[in-house]
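Report on the structure given below.
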Number of protein chains: 2
Amino acid sequence: MTSTVAGGRLLTPGEVAALFRVDPKTVTRWATAGRIGSIRTPGGHRRFRESEVNQLLAELTTDASTPTA
Amino acid sequence: MTSTVAGGRLLTPGEVAALFRVDPKTVTRWATAGRIGSIRTPGGHRRFRESEVNQLLAELTTDASTPTA
DNA sequence: CTATATTTGGGTAATTAGGGTC
DNA sequence: TGTGTCCTAATTACCCAAATAT
């Protein structure tokens, strides 16, 4: 299955929620607030682009400046 | 190369605070001071890497076989 | 078509962020 | 210097039932 359309993979709210360690409902709010792009299925469910999610995740990630001491 | 957007589970400030027996506010200060890496949700809340937290815990653990000075 | 897991929607508690102070 | 506690505002989590996805 999965047509695998050339381009980006689509993630479900549950997948994105797991990446950020938040509730799927929260991801929905991000989409509603325009903080993250979303694609709606004909049924009204949201899907998110993996590339955009990873990009967002990378931008919001802060590494410790003092690793090991 | 240790990826930045994948690896281990993420912990909430309250979870980390419970592990260290400190106030969540203190964990926030650690993140602000750059002593521990953090991932911010689009809403501004922080999530911490369990592996990094465990490593920090191990480093702070005063062990007989762990000469810190 | 049936069946299971997920997502949606609204509303309310719990947690977190940020500043200031001890 | 580091931590705990005060406050308010914002964000997030969990409750329900119905609809959608696979």
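Everything quoted here is computed from the prediction, not taken from an experiment. Chain letters run A, B, ... following the sequence lines, proteins first and then strands; every chain starts at 1. Every heavy atom of this structure was used, including side-chain atoms; hydrogens, water molecules and symmetry mates were not.
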Note to self: From NZ of A:K25 over to C1' of C:dT8, roughly how many Å is that when rounded to an integer?
What the structure shows: 7 Å
Check: What heavy-atom pair brings A:T61 and A:L57 nearest, and what distance separates the two atoms?
Finding: OG1-O, 2.5 Å
Check: Looking at side-chain heavy atoms only, is the closest gap between A:R46 and A:R40 below 4.5 Å?
Finding: yes
Next item on the list: Considering just the side-chain nitrogens and oxygens of B:R46, establish if one lies under 4.0 Å of OP1 or OP2 belonging to C:dG18.
Entry: yes
Item checked: Under 3.5 Å donor-acceptor, B:E52 side chain and B:I36 backbone -> no
Next item on the list: Using whole Å, report how far CZ of A:F48 lies from C1' of C:dT8.
Entry: 12 Å
Item checked: Side-chain heavy atoms of A:L11 within contact of A:R47, under 4.5 Å -> no
Note to self: Expected output is a numbered-order residue list: members of residues 11-18 of chain A with a heavy atom under 4.0 Å from any atom of DNA chain C. What is it?
What the structure shows: A:T12, A:P13, A:G14
Item checked: Heavy-atom closest pair, residues A:G37 and A:F48 -> O-CD2, 3.3 Å
Item checked: Over all atoms of both residues, closest heavy-atom pair of A:P24 and A:G14 -> CG-CA, 4.3 Å
Checklist line | Spacing of OG belonging to B:S38 relative to CZ belonging to B:R49, to within rounding of 0.5 Å | finding: 10.5 Å
Notebook entry, point to check: Mind checking what makes salt bridge (charged side-chain N to carboxylate O under 4.0 Å, His left out) contact with B:E50, not counting sequence neighbours?
Noted result: B:R9
Tabulated below should be each protein N or O lying under 3.5 Å from an N or O of nucleotides 19-21 of chain D; please produce it.
{"unit_1": "D:dT20", "atom_1": "O4'", "unit_2": "A:H45", "atom_2": "NE2", "d": "3.4"}
{"unit_1": "D:dA21", "atom_1": "OP1", "unit_2": "A:T41", "atom_2": "OG1", "d": "3.0"}
{"unit_1": "D:dA21", "atom_1": "OP1", "unit_2": "A:G43", "atom_2": "N", "d": "3.2"}

Next item on the list: Respond yes when some side-chain nitrogen or oxygen of B:R40 is under 4.0 Å from OP1 or OP2 of C:dG18, and no when none is.
Entry: yes
Item checked: Spacing between A:L10 atom CG and C:dT7 atom P, to the nearest angstrom -> 13 Å
Next item on the list: To the nearest 10°, let me know how far the axis at one end of the helix from C:dA3-D:dT22 to C:dG19-D:dC6 is tilted from the axis at the other, five pairs an end.
Entry: 60°
Checklist line | Spacing between A:D23 atom CG and C:dG11 atom P, to the nearest angstrom | finding: 18 Å
Checklist line | Nucleic acid contacts - residues 26-35 of chain A versus DNA chain D, non-hydrogen atoms under 4.0 Å | finding: A:T26, A:R29, A:W30, A:R35
Next item on the list: Grab the two heavy atoms, one from A:L56 and one from A:R35, that are nearest each other, plus how far apart they are.
Entry: CD2-O, 4.4 Å
Identify all side-chain donor-acceptor contacts of residues 15-23 of chain B below 3.5 Å with residues at least two apart in sequence or on another chain.
{"unit_1": "B:D23", "atom_1": "OD2", "unit_2": "B:K25", "atom_2": "N", "d": "3.0"}

Item checked: Transitive ILVMFWY side-chain link A:L60 to A:V27, under 4.5 Å -> yes
